[in-house]
Protein chains: 2
Amino acid sequence: MKDNSLLKGALSTLILKLLADNGQMYGYEIIQKIKEASADQMQITEGALYPALHKMEQNGLLKSELRPVSGRTRKYYALSPKGQKATQSKLDQLQGFLSSIQMIIQPKAQ
Amino acid sequence: MKDNSLLKGALSTLILKLLADNGQMYGYEIIQKIKEASADQMQITEGALYPALHKMEQNGLLKSELRPVSGRTRKYYALSPKGQKATQSKLDQLQGFLSSIQMIIQPKAQ
DNA sequence: CGAATATACCTAAAATTCTTAGGCATGAAA
DNA sequence: TTTCATGCCTAAGAATTTTAGGTATATTCG
């Protein structure tokens, strides 16, 4: 019974948005970025992120490139053309979803 | 590959909030309410809702009561004392989560 | 120097949650 | 009388996440 479970479903959209904003990022960096951007509220686990990245690459949304940086190897991801096209609609979808939730949980003014 | 999957994780919190606002509701009613409140954007399936209600009752968050209404039987749910206590913290959690997502997907002013 | 921590990738089993696709039954509407 | 709305339920499968590892190099601290 874990309660980080609120994250479910939004991860791939967050990845698309981060890559759209930052051009290219590697896995470890994405994890740090999300943690930092959420003021340590959201903690993505590696076991969730890496499979998500692999799947998105398989689906042609991302492309990757290995690059050795100071002794270690990083795998940089970037949006493919297909990924670029998909980003906006996925973002719109997520925004619509968030708005819907807000409409329900907002203290109603009655 | 379905994309209503954004819902994941938030359902139980929505249920708590709806019951907190409306006192008592039955399953079918909750489904309509969420659909209506979200302007038909969010469509909870029965296969998701009923097991969620059962689990929440098992966990002591809800109590239920069968009541026949004009020939058909409705199962009304309401918050238990434990459910009432849990509601606010779950809502805060969800709000924090939504804010975190917003911080990432909001067009950054740079 | 040696140990611990941070960086950086990965995987597999289990748990959780949701979709899909049914089943059953009554009341109202066509 | 047949269809649609109401109202409950379940089970198989899919998808995603948690948990809990594994491997390896670089840096930091005692």
Side-chain angles (χ1 to χ4, degrees), chain A residues 1-16 24-36 40-59 61-62 64-77 90 93-94 97 100-101, chain B residues 1-16 24-36 40 42-59 61-62 64-77 90 93-94 97 101:
Chain A
M1 203 143 301
K2 197 42 177 42
D3 245 336
N4 212 354
S5 57
L6 296 169
L7 184 62
K8 291 176 190 251
L11 181 54
S12 65
T13 305
L14 292 185
I15 292 172
L16 289 176
Q24 54 174 24
M25 301 179 79
Y26 55 99
Y28 195 86
E29 187 185 8
I30 292 177
I31 292 176
Q32 308 304 324
K33 200 79 167 185
I34 290 180
K35 189 180 173 191
E36 170 204 318
D40 287 34
Q41 293 233 302
M42 234 187 302
Q43 176 60 43
I44 306 227
T45 61
E46 301 187 344
L49 181 70
Y50 288 118
L53 288 171
H54 300 162
K55 187 185 172 186
M56 292 171 76
E57 185 173 22
Q58 272 192 331
N59 292 345
L61 297 170
L62 307 183
S64 71
E65 176 198 352
L66 291 175
R67 209 183 313 161
V69 176
S70 67
R72 291 194 216 83
T73 297
R74 292 178 184 167
K75 193 169 180 181
Y76 278 90
Y77 287 91
K90 289 272 276 176
Q93 230 180 284
L94 180 53
F97 171 67
S100 295
I101 291 197
Chain B
M1 202 142 297
K2 198 41 178 44
D3 242 337
N4 211 353
S5 58
L6 297 168
L7 185 63
K8 292 177 186 249
L11 180 53
S12 66
T13 305
L14 293 186
I15 292 172
L16 290 175
Q24 55 175 21
M25 301 179 80
Y26 55 99
Y28 195 85
E29 186 185 10
I30 292 177
I31 291 176
Q32 309 304 325
K33 199 79 169 186
I34 289 181
K35 190 181 173 192
E36 168 205 320
D40 287 34
M42 232 188 302
Q43 177 58 43
I44 307 231
T45 62
E46 301 187 343
L49 181 70
Y50 288 118
L53 288 171
H54 300 160
K55 188 185 172 187
M56 293 172 75
E57 185 172 21
Q58 272 192 331
N59 292 345
L61 296 170
L62 307 183
S64 71
E65 176 198 353
L66 291 174
R67 208 183 314 161
V69 176
S70 68
R72 290 196 215 79
T73 299
R74 293 180 183 164
K75 191 168 178 181
Y76 278 91
Y77 287 90
K90 289 273 273 175
Q93 230 180 284
L94 181 52
F97 170 68
I101 290 197

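Residue numbers begin at 1 in each chain, while the letters A, B, ... track the order of the sequences.
- Summarising the geometry, the separation between CZ on R67(A) and P on dT25(D) is reported as 21 Å, rounded to the nearest angstrom.
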Polar atom pairs (N or O), protein with nucleotides 4-6 of chain D, under 3.5 Å:
{"residue": "dT6(D)", "atom": "OP2", "partner": "Y28(B)", "partner atom": "OH", "Å": "2.7"}
{"residue": "dT6(D)", "atom": "O5'", "partner": "Y28(B)", "partner atom": "OH", "Å": "3.2"}
{"residue": "dT6(D)", "atom": "O2", "partner": "R72(B)", "partner atom": "NE", "Å": "3.0"}

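- Look at CG on N59(B): it is 14 Å from C1' on dT17(C), rounded to the nearest Å.
- Rounding to the nearest 0.5 Å gives a distance of 9.5 Å between CG of L11(B) and CD1 of I101(A).
- When all heavy atoms are compared, the tightest approach of I44(B) to I31(B) is O-CG2, 3.6 Å.
- Taking 4.0 angstrom as the limit, K55(B) places a side-chain polar atom (N or O) nearer than this to OP1 or OP2 of dT17(C).
- Taking only side-chain nitrogens and oxygens, T45(B) comes nearer than 4.0 Å to OP1 or OP2 of dT19(C).
- Put simply, NZ on K35(A) is 15 Å from P on dA8(C), counting in whole angstrom units.
- Scanning all heavy atoms of the two residues, the minimum distance from G27(B) to L53(B) falls at CA-CD1, 4.1 Å.
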Polar atom pairs (N or O), protein with nucleotides 9-12 of chain D, under 3.5 Å:
{"residue": "dC9(D)", "atom": "OP1", "partner": "H54(B)", "partner atom": "NE2", "Å": "3.3"}
{"residue": "dC9(D)", "atom": "OP1", "partner": "K75(B)", "partner atom": "NZ", "Å": "2.9"}
{"residue": "dC9(D)", "atom": "OP2", "partner": "H54(B)", "partner atom": "NE2", "Å": "3.3"}
{"residue": "dC9(D)", "atom": "N4", "partner": "E46(B)", "partner atom": "OE1", "Å": "2.8"}
{"residue": "dT10(D)", "atom": "OP2", "partner": "H54(B)", "partner atom": "ND1", "Å": "3.4"}

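- Between the CD atom in Q24(A) and the OH atom in Y77(A) there is a gap of 13.0 Å [rounded to 0.5 Å].
- Atom CD1 of I44(A) is separated from atom P of dA8(C) by 17 Å (rounded to the nearest Å).
- Both S12(A) and G71(A) sit near DNA chain D, but only S12(A) has its closest nucleotide nearer the 5' end.
- One finds the CD1 atom of I30(A) at 10.0 Å from the CG atom of L14(A) (value rounded to the nearest 0.5 Å).
- Here CE of M42(A) is found 6.5 Å from CD1 of I34(A). Values are rounded to the nearest 0.5 Å.
- Taking all atoms of both residues into account, the shortest heavy-atom contact from L62(B) to E57(B) is O-CG, 3.5 Å.
- The separation between I31(A) atom CD1 and dC9(C) atom C1' is 10 Å, rounded to whole Å.
- Note: CG (L14(B)) to C1' (dT17(C)) measures 14 Å, nearest angstrom.
- Sorted by first and then second residue, the side-chain hydrogen bond (donor to acceptor under 3.5 Å, both in side chains) pairs with a member in residues 25-35 of chain A read Y26(A)-R74(A); sequence neighbours excluded.
- If you measure from atom CG of L49(B) to atom C1' of dT16(C), you get 16 Å, rounded to the nearest angstrom.
- The residue among T73(A) and S70(B) whose nearest nucleotide of DNA chain C lies closer to the 5′ end is T73(A).
- S12(B) and M56(B) make their closest contact through O-CE, 3.5 Å (heavy atoms, listed as atom of the first residue, atom of the second, distance).
- One atom, CG of L11(B), and another, C1' of dC18(C), lie 10 Å apart when rounded to the nearest Å.
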